[in-house]
Amino acid sequence: MKFPTALINRRCALALAAAALLAGQNALAWTDKPVKLLVPAPAGGTADVFARLISDQLSAEIGQPVVVENKPGAGGAIAVQALRAAPANGQTLLVCASNVLTEVPHVLKSNFDPLKDVTPVAALAKGTMVLVGSPTLPATDVKSLVAYFKSHPGGNFASYSAGTSSQYAGLIFSQKAGLDLQHVPFPGSPPALVELMAGRIPVMFDGLTTSKAMIASGKLKVFGVAAKSRSPQLPGVPTMAEQGYPELDFGNWMGVIAASGTSPELVAKMHAALARIGANPKVRERLAANGFDPVEDQPADKLAQSVKAEYERNGAIVKAFDIRLNN
């Protein structure tokens, strides 16, 4: 029995397409075993939400199961130690915010060197920081906020933890504005934001991921974006630089890191797969819905350089303000 030439050609084309698809997937698959994503935070936290947003997509990219495992505690050190204890073969990775590497080690004895013991692989999104305040404040922008504090001395500001950029930004703002705001640390954003909404503490530098819903509902006022450029999610809100405070440029990228000792070739394969996920419009849409802003893709070596620069910058801030865990 003879088959029509057109039918044969069509079947050949479909077979070639399937082979190409499989080859593309195999090119992105750096392992033939399940991948574990460690998260240095409890379930429901920002890093956990991020990890679960990307895990399904990563599984589809590499053709292997991807399991999220929460290992909170010690400012991320417990998760990092688990990462370092596993073979550097790409089967165990860590999903975290960059502050685990650039902020926390300055104020906590983390038992790891963030510049030597881990290798940044890819940044997929960023958490933009914003200056938010109580809805009872009469101020509408940074200028009127500073005027309010000067006419009402003895003010304070909250942070989501001592030794983090939430505290750094508040201290720098207080200094540059000529104020004397006192720092009130909290164990995370939620309890601090409760105090702001109730009017018991006036202001706080917080991540947009946790403040977004309350800003949208009018439960918080937003005065400025502490980043180099405006957030796509708050296009009408000026940056702190636009309002006279260029030093206030804080925010953390969310991404994936591997243990040091992972080969450059393996890091490059992992980066390629993760970069595809970060560029996926559906993934970006889901990340934006959870308060994350897009971030420009950087090769792993450039990302490591940015971690080093941020680590050194934060170290200088900690030294200048004599920041310690309990102050």
Side-chain angles (χ1 to χ4, degrees), residues 46 49-50 53 97-99 102-103 123-135 137 139-149 157-160 164-177 189 192-193 196-197 202-255 278-298 302-303 306 309-310 313-314 317:
T46 300
V49 170
F50 176 82
L53 280 174
S98 56
N99 66 346
T102 62
E103 296 173 16
L124 303 183
K126 67 179 180 180
T128 298
M129 187 162 283
V130 289
L131 175 58
V132 293
S134 168
L137 286 170
T140 56
D141 56 16
V142 172
K143 183 179 179 180
S144 58
L145 180 65
V146 171
Y148 170 81
F149 279 128
F157 72 94
S159 81
Y160 50 68
T164 66
S165 56
S166 180
Q167 180 188 10
Y168 305 165
L171 290 171
I172 292 173
F173 173 62
S174 178
Q175 181 193 69
K176 297 298 180 181
S189 290
L193 295 176
L196 262 69
M197 290 186 287
V203 294
M204 171 185 179
F205 281 89
D206 190 39
L208 185 54
T209 52
T210 46
S211 292
K212 181 181 178 181
M214 284 159 277
I215 292 171
S217 65
K219 294 179 179 178
L220 289 175
K221 285 188 174 182
V222 58
F223 297 103
V225 175
K228 292 180 180 178
S229 56
R230 295 191 182 194
S231 168
Q233 300 180 69
L234 297 172
V237 178
T239 65
M240 295 299 293
E242 289 177 76
Q243 300 180 82
Y245 298 88
E247 305 87 356
L248 290 166
D249 175 21
F250 289 95
N252 296 305
W253 53 256
M254 298 294 302
N280 185 306
K282 289 185 178 180
V283 173
R284 287 199 169 202
E285 184 179 337
R286 292 178 66 194
L287 289 171
N290 282 274
F292 296 104
D293 280 336
V295 65
E296 183 179 349
D297 180 46
Q298 295 184 69
K302 297 292 184 183
L303 191 59
S306 72
E310 190 73 8
R313 175 210 185 189
N314 290 338
I317 292 172

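Quick caveat: nothing in here was measured; it's all calculated off a predicted structure.
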For the atom pair CG (L287) and CG (N280), what is the distance rounded to the nearest 0.5 Å?
9.5 Å
Spacing of Q167 atom CD and F157 atom CZ [to the nearest 0.5 Å]
6.0 Å
Looking at side-chain heavy atoms only, is the closest gap between Q243 and F223 below 4.5 Å?
no
Can any side-chain N or O of E247 pair as donor or acceptor with the backbone N or O of K176 at less than 3.5 Å?
no
Backbone of W253 reached by a side-chain donor or acceptor of S98 within 3.5 Å
yes
For the pair K126 (side chain) and G251 (backbone), establish whether a donor and an acceptor sit closer than 3.5 Å, ignoring hydrogens and angles.
no
Hey, would you say the F292 and F50 ring centroids sit under 6.0 Å apart?
yes
Is there a side-chain contact between L248 and F205 (heavy atoms, below 4.5 Å)?
yes
To the nearest 0.5 Å, what is the distance between CG (D249) and CE (M129)?
10.5 Å
Can you measure from CG (L193) to CG (D206) and round to the nearest 0.5 angstrom?
4.5 Å
Taking the side chain as everything from C-beta on, heavy atoms only, tell me whether Q298 gets closer than 4.5 Å to L303.
yes
Would you call L208 and L234 a side-chain contact if the rule is heavy atoms closer than 4.5 Å?
yes
Intermediate values then yes/no, salt bridge (Lys or Arg N to Asp or Glu O under 4.0 Å), E310 and R313:
CA-CA 5 Å; E310 190 73 8; R313 175 210 185 189; 3.6 Å; yes
Flag side-chain contact, heavy atom, 4.5 Å: V237 against R230
no
State, to 0.1 Å, how close V295 and L124 come at their nearest heavy-atom pair, and which atoms those are.
CG1-C, 3.4 Å
So, taking the atom named OG1 in T210 and the one named CE in M204, what distance separates them when rounded to the nearest 0.5 Å?
6.5 Å
Mark yes or no for whether S144, through its side chain, and D141, through its backbone, hold a donor-acceptor pair below 3.5 Å.
yes
Which heavy atom of G224 sits nearest a heavy atom of M240, and at what distance?
CA-SD, 3.8 Å
Considering only heavy atoms from C-beta outward, does the side chain of I317 approach that of F250 to under 4.5 Å?
yes
Tested for side chain to side chain contact (heavy atoms under 4.5 Å, CB included) against Y245, the lone hit among V146, L131, I172 is V146
Side-chain donor/acceptor of K212 to backbone N/O of A288, under 3.5 Å:
yes
Any side-chain heavy-atom pair from S211 and V222 closer than 4.5 angstrom?
no
Is N99 reaching over with its side chain to a backbone N or O of N252, donor-acceptor style, under 3.5 angstrom?
no
Kindly write out the residues that satisfy side chain to side chain contact (heavy atoms under 4.5 Å, CB included) with P135, not counting sequence neighbours, or none if the list is empty.
none
Test side chain to side chain donor-acceptor pair (under 3.5 Å) applied to Q233 and T128, D293, T209, the passing residue
D293
Donor-acceptor pair, distance only, cut-off 3.5 Å: does the side chain of T239 make one with the backbone of A226?
no
At what distance, to the nearest 0.5 angstrom, does CG of L171 lie from OG of S166?
9.5 Å
